[in-house]
Amino acid sequence: MLAEMPVHRSNELCELCHRRLEARPATFPQIDVREHVISNGGELTPDACFDCHDPHSPI
Amino acid sequence: MAAQENHRKLPSGAMSRRDFLGRSGSAVAGGMVIALVLPEGSSAGTLGADYDWNRHRWVYLIDTSKCIGCGSCVRACRAENSVPEKMYRTWVERYEIPMEGEAYVDSPDGSEHGFDPVANGLSVGKGFFVPKLCNHCRATPCIQVCPVGASFATRDGVVLTACVEICPVGARRVGDRENPDDPVIGILATRRVEVLQPELLTRPQCFYLGLDMEVR
């Protein structure tokens, strides 16, 4: 029986690359997740990013 | 990596597979670098049966202006090379430089889990990330001083490349000095690049693009 491939749906995974950091190149897309979700009328759940974004088809 | 090993055959008479693997294990313990696979798009690709390590001379190029500090390289290195917990063969440093005062530098857990938004709480004038790793020196003090031969170099100066393959922004690249058409070698020939600790005269083969003067 094949093992199931783990799928990480946590916002934390997205934030590894897209969390707003002073040291990140300014042109790289980055956000404050709380601010971003709330300003877009969403609910800040642990996997809120996936409510609007498909990692396999970003934006 | 196991799948890639199926494609690889060491140069005749250079070293047996058993010796190679044994010495690779020693190299891991000693912190020296050895590679089996090069990333797609490099001038070598996967090392095949016809690979001749006398006809390649690998260098490493890091573009600090691209690094986003995600830590993927650190995680990939650990997974690919079985690096023990709390030990690192590559890590990423975050530099935050205020308008006045000294630079603040941190690398929590080697950046394996990324970075928190606030580093020092000060107003940052300039910030950037700098990946660090073995300098891949041609004059290798680590080999000279090792009393048990745990560190050694190969003729082609091969590098480990899990971090290159995983980097989502292309901040890490390898190139072959023996291939004049290699784009990385083109960058070395036409752009201003630096190495870390040049004063040691060890001829590092790990080059940096866009390195800030604050970096040590």
Side-chain angles (χ1 to χ4, degrees), chain A, chain B residues 62-76 78-79 91-99 101 103-132 163 166-171 209-212 214-215:
Chain A
M1 181 177 174
L2 296 175
E4 280 193 26
M5 187 172 175
V7 179
H8 300 286
R9 298 183 61 88
S10 167
N11 296 343
E12 290 181 7
L13 179 67
C14 308
E15 287 186 279
L16 284 173
C17 291
H18 295 289
R19 175 184 294 135
R20 184 179 295 150
L21 296 178
E22 297 271 16
R24 279 205 166 125
T27 53
F28 188 79
Q30 48 193 307
I31 57 164
D32 178 310
V33 170
R34 169 178 289 276
E35 178 186 299
H36 179 73
V37 170
I38 292 175
S39 67
N40 284 285
E43 185 181 348
L44 188 59
T45 58
D47 58 354
C49 299
F50 290 85
D51 291 344
C52 300
H53 300 280
D54 176 359
H56 295 285
S57 181
I59 303 299
Chain B
I62 294 175
D63 187 342
T64 57
S65 68
K66 288 184 177 177
C67 182
I68 59 172
C70 64
S72 295
C73 47
V74 181
R75 295 189 294 277
R78 181 181 305 291
W91 64 98
V92 180
E93 295 177 354
R94 170 169 60 181
Y95 282 71
E96 291 194 340
I97 305 171
M99 297 303 287
Y104 178 86
V105 186
D106 69 343
S107 184
D109 293 329
S111 80
E112 187 169 10
H113 310 296
F115 289 87
D116 288 330
V118 178
N120 62 1
L122 299 175
S123 177
V124 178
K126 178 167 59 174
F128 50 86
F129 295 101
V130 181
K132 296 274 187 79
C163 54
I166 200 72
C167 182
V169 293
L209 260 174
L211 198 64
D212 192 272
E214 289 287 346
V215 178

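In what follows, every chain begins at residue 1, and chains take the letters A, B, ... in the order their sequences are listed.
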B:Lys126, part contacting chain A, at a heavy-atom distance under 4.5 Å: neither

Apply the test side-chain contact (heavy atoms from CB on, under 4.5 Å) to residues A:Arg24 and B:Phe128: give CA-CA distance (whole Å), side-chain angles for both, the deciding distance (0.1 Å), then the verdict. CA-CA 6 Å; A:Arg24 279 205 166 125; B:Phe128 50 86; over 6 Å; no

Report, by ascending residue number, the residues of residues 25-50 of chain A in heavy-atom contact with chain B at a distance under 4.5 Å; give 'none' if the set is empty. A:Pro25, A:Phe28

Closest approach of B:Pro117 and A:Leu21, non-hydrogen atoms and distance? CA-CD2, 3.3 Å

B:Ser65, B:Cys70, B:Cys67: which one forms the most heavy-atom pairs within less than 4.5 Å of chain A? B:Cys70

Closer than 3.5 angstrom, by distance alone: can the side chain of A:Arg19 be matched with the main-chain N or O of B:Phe115 as a donor-acceptor pair? yes

